[in-house]
Colleague: 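Have a look at the structure that comes next, please.
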Amino acid sequence: IGNYSIIGKAVRLGKNISIGSHVVIEDDVSIEDNTKIESFCIIKNGTKIGSNCQIYSGCIIGSDGFGFAPQEDGTYKKIPQTGNVEISDYVEIGANSTIDRATLGSTRIMRGVKMDNQIQVAHNVEIGVNTVIAAQTGIAGSTKIGSNCIIGGQVGIIGHLKIGNDVSIQGQSGIISNISDGSVIQGSPAISYKDFNKSYVYFRRFPSIIKRLESLEKNKNE
């Protein structure tokens, strides 16, 4: 345990745990064998972390999800976030990433998931086995991501979606609908990767196409 770290009450630590400096582990947290938590991480109360995990510096796991109910006077009332975060074995979470606790139940990161730096995972999200996610991706609340998916950097995924197994999402895509197993998609809003590449040929030529149309219309009118 590194310098200036704080361990709360009823915390269960397995064997061969490494905790860096300035780490805060709140009450009722459990961390299994051979897991390493680097400096300046905050593990909020009730979080469960499996074995052989790597939590890189600056991560915050188990903060409140973003839940507010609009009121008649235009204000917003906070919805209590009473769930937790459960992280399975062999998971890596990149520096400065955040995983929010569930409103009810658990936000779940399954076995073998690999997350890059600066990723946001909202309340009640589930990420399936062996899925990898590149930096600056944001996943909104209650979305379920399947197993063995590959998600590029700066992808935005709206809430309450179901993304199947073996899905590949290219970087900077915007996901606004469910995705079936084995899909490869790109764009915002995202479409089939092959369709996107075909369409991009026309996107690039669009200004010249407009000029040709204007010229044809002008000649027709003359």
Side-chain angles (χ1 to χ4, degrees), residues 48-50 52-56 59-61 65-67 83-207 209:
K48 297 179 179 180
I49 301 175
N52 299 285
C53 294
Q54 178 92 23
I55 314 296
Y56 289 93
C59 289
I60 301 177
I61 299 174
F66 188 71
N84 72 339
V85 175
E86 294 184 0
I87 297 172
S88 189
D89 304 333
Y90 295 97
V91 170
E92 291 199 14
I93 300 172
N96 294 317
S97 293
T98 54
I99 303 175
D100 292 343
R101 71 173 56 247
T103 306
L104 297 169
S106 299
T107 302
R108 292 187 172 92
I109 313 298
M110 302 305 190
R111 182 184 178 92
V113 168
K114 311 299 181 188
M115 295 168 51
D116 199 355
N117 302 332
Q118 296 180 319
I119 289 173
Q120 157 66 9
V121 178
H123 59 86
N124 292 96
V125 165
E126 294 184 8
I127 302 176
V129 172
N130 295 328
T131 285
V132 295
I133 306 174
Q136 298 182 352
T137 286
I139 306 167
S142 298
T143 283
K144 314 301 182 189
I145 298 174
S147 300
N148 302 298
C149 296
I150 300 173
I151 300 174
Q154 296 185 335
V155 168
I157 304 174
I158 69 168
H160 300 273
L161 296 184
K162 184 176 181 180
I163 296 174
N165 301 319
D166 304 298
V167 169
S168 293
I169 303 174
Q170 307 301 311
Q172 295 190 325
S173 293
I175 312 304
I176 62 171
S177 59
N178 296 334
I179 302 172
S180 58
D181 292 353
S183 298
V184 182
I185 62 173
Q186 184 174 7
S188 185
I191 59 176
S192 162
Y193 178 66
K194 290 182 179 179
D195 290 343
F196 181 89
N197 282 342
K198 291 176 182 177
S199 300
Y200 187 67
V201 174
Y202 296 102
F203 298 159
R204 293 181 61 186
R205 294 171 54 194
F206 198 66
I209 292 171

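Note that these values count all heavy atoms, side chains included, but never hydrogens, waters or copies made by symmetry. In this text, all values refer to a predicted model and were calculated from it rather than measured experimentally.
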Colleague: When you compare the side chain of Ile175 with that of Val155, does any pair of heavy atoms fall below 4.5 Å?
Modeller: yes

Colleague: Verify, without hydrogens or angle tests, whether Thr137 (side chain) and Gly152 (backbone) share a donor-acceptor contact under 3.5 angstrom.
Modeller: yes

Colleague: Looking at Ser97 and Ile119, would you say the former's side chain and the latter's main chain have a donor-acceptor pair under 3.5 Å?
Modeller: yes

Colleague: Could you check if a side-chain atom of Ile93 sits within less than 4.5 angstrom of a side-chain atom of Lys114, using non-hydrogen atoms only?
Modeller: no

Colleague: Taking the side chain as every heavy atom from C-beta outward, state whether Lys48 and Asn84 have any pair of such atoms under 4.5 Å apart.
Modeller: yes

Colleague: To the nearest 0.5 Å, what is the distance between CD1 on Ile60 and CD on Gln120?
Modeller: 10.5 Å

Colleague: Could you pull out the closest heavy-atom pair between Cys59 and Gly94, with the gap in Å?
Modeller: SG-O, 3.0 Å

Colleague: For Asn117 versus Ala95, what's the shortest heavy-atom pair and its separation?
Modeller: OD1-N, 2.8 Å

Colleague: At their closest point, which heavy atom of Met115 faces which heavy atom of Val121, and how far apart are they?
Modeller: CE-CG2, 3.8 Å

Colleague: Tell me which donor-acceptor pairs under 3.5 Å the side chains of residues 138-148 have, and how far apart each pair is, sequence neighbours excluded?
Modeller:
residue	atom	partner	partner atom	Å
Thr143	OG1	Ile158	O	2.7
Thr143	OG1	His160	N	3.2
Thr143	OG1	Leu161	N	3.1
Lys144	NZ	Asn124	O	2.8
Ser147	OG	Val129	N	3.4

Colleague: Could you note down all residue pairs passing side-chain hydrogen bond (donor to acceptor under 3.5 Å, both in side chains) where residues 171-180 supplies at least one of them, sequence neighbours left out?
Modeller: Gln154-Gln172, Ser180-Ser183

Colleague: Is Ser168 reaching over with its side chain to a backbone N or O of Val184, donor-acceptor style, under 3.5 angstrom?
Modeller: no

Colleague: Please find the pair of heavy atoms, one from Ile87 and one from Cys53, that lie closest to each other, and give the distance.
Modeller: CG2-SG, 4.2 Å

Colleague: Is there a side chain to side chain contact (heavy atoms under 4.5 Å, CB included) between Asn52 and Asp89 once you walk through the steps?
Modeller: CA-CA 6 Å; Asn52 299 285; Asp89 304 333; 5.6 Å; no

Colleague: Do Asp166 and Ile150 have side chains that get closer than 4.5 Å, going by heavy atoms?
Modeller: no

Colleague: Could you check if a side-chain atom of Ile151 sits within less than 4.5 angstrom of a side-chain atom of Val132, using non-hydrogen atoms only?
Modeller: no

Colleague: Could you tell me the separation between the CD1 atom of Ile61 and the CZ atom of Arg101, rounded to the nearest 0.5 Å?
Modeller: 11.5 Å

Colleague: Any side-chain donor-acceptor pair under 3.5 Å between Asp116 and Gln136?
Modeller: no

Colleague: Tell me the closest heavy-atom pair linking Arg111 and Tyr90, and the distance in Å.
Modeller: NH2-CE1, 3.3 Å

Colleague: Which atom pair, heavy atoms only, marks the closest approach of Met110 to Ser88?
Modeller: C-CB, 3.7 Å

Colleague: Does any N or O in the side chain of Thr107 come within less than 3.5 Å of the main-chain N or O of Asp100, such that one atom is a donor and the other an acceptor?
Modeller: yes

Colleague: Rounded at 0.5 Å granularity, tell me how far CD1 in Ile49 sits from CD in Glu86.
Modeller: 11.5 Å

